[in-house]
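Written below as structure tokens is the structure these notes are about.
Each ligand, and each atom within it, is numbered from 1 in the order the structure gives.
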Amino acid sequence: MQRSSSWTCKVHLYALLTILVASAVTCGITVPRQTIQELVSKALVESLATKQRDLLDDLIDDYDDSQNYADESLGRDPEEMPGFYEGDMAGVNDELARVGINFLKFPSRKWTNNTVPYIISPLYLPDEYMIIKTAVRILNFFTCINFRDWDGVEKDYLIFWPVEKPAGCWSYVGRLGGPQIVSLQQPDLKSAQCFAGVGRPLHETMHALGVYHEQSRPDRDDHVKVEKKNVIRGFLSNFDKLDTKNVSAPYKYDYDSIMHYGTTFFSKNKKIATLVPKQKGKSIGQRINLSKLDCLKLNSLYGCLDESPFSKRKYETICEFLGL
Ligand SMILES: [Zn+2]
């Protein structure tokens with residue numbers, strides 16, 4: 001009896017949530033269809049321009065032809081699939097990659113006044129919408145960066161949109177100027193894609209804030225070993241390091257970072273390791289939540305620790321809550 005009433009309650013709650021979310025999306029400001037089409041075409045051209053896109057497509061076709069692709073363990077990680085620089089970072093060429101996240105040198109890549117207007121696609125289902133909202137709220141809570149609803153007028157804003165091609169989870173790095181997409185593929189029969197939890201939306205949004213992958217730090221060879229022979233041919237450049245001159249890395253190397261590759265990223269058969277931690281017992285590639293250092297890193301990057309002694313103490317204390 002108790003079980004049945006709790007189930008009914010859940011159904012009611014879900015219905016209520018659906019109505020609330022649907023109205024929030026449909027009554028809100030929408031992005032012109034043409035803007036989305038232009039942005040998607042631009043992203044597709046960029047992804048096709050990287051040789052990796054074709055290589056990865058071939059690889060996925062091979063899996064389709066020869067394996068039971070429904071077995072998720074054989075599939076590609078949704079951060080590898082887009083075929084951009086290092087898998088999921090759009091609009092990055094080698095030169096840009098090496099400029100990294102040093103906002104002193106490239107101030108235009110930083111979001112103005114630490115404010116990020118955003119809009120979520122109405123194509124997302126209520127639970128996917130809520131996961132994206134949660135990621136944004138986490139960033140608002142743990143940092144002085146302010147994500148808020150786009151007012152329909154501001155020039156620079158993020159659009160969370162499930163782009164079909166290139167599929168997967170991907171983002172541009174830092175502020176581009178104008179509308180910019182963070183693409184999160186919706187779940188399908190093969191896998192949860194970008195929505196197994198809040199981790200992947202957080203990861204891609206951190207790229208949009210200007211953060212690169214942890215293992216591309218200049219000092220990474222002291223902490224992880226790249227097993228070059230196990231990397232898919234043509235993808236070794238995904239394991240390049242960034243230039244010391246251009247990257248801000250004020251914190252110690254972070255195995256727990258949500259921005260770190262997993263052990264088998266870009267592995268020839270998805271089972272052999274491409275990246276091995278040098279410290280025994282460490283695991284890498286978590287997509288659960290920000291680590292303590294991710295939190296500090298973002299606050300440092302956006303000047304939250306420099307605003308005042310109070311602000312510094314506040315955000316350092318808040319970051320301590322993150323257990324990783
Ligand atoms: Zn990434």
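- Tyr157 and Trp150 have parallel rings, their planes meeting at less than 30° on a 0 to 90° scale where 60° marks the start of perpendicular.
- Around CG of Asp151, the count of heavy atoms belonging to other residues, nucleotides or ligands within 6.0 Å exceeds 12.
- Between the Zn ion (ligand 1) and the N, O or S atoms of His213, the shortest distance is to NE2.
- Ring geometry for Tyr253 against His223 counts as parallel: the plane angle stays under 30°, on a 0 to 90° scale with 60° as the upper cut.
- Under 2.8 Å from the Zn ion (ligand 1) lies no N/O/S atom of Cys169, from backbone or side chain alike.
- Using a cut-off of 4.0 Å between Lys/Arg side-chain N and Asp/Glu carboxylate O, Arg200 and Asp77 are scored as salt-bridged.
- With the Zn ion (ligand 1) as the vertex, NE2 (His207) and NE2 (His203) define an angle of 100°, rounded to 10°.
- For Asp88, the N, O or S atom with the smallest separation from the Zn ion (ligand 1) is OD2.
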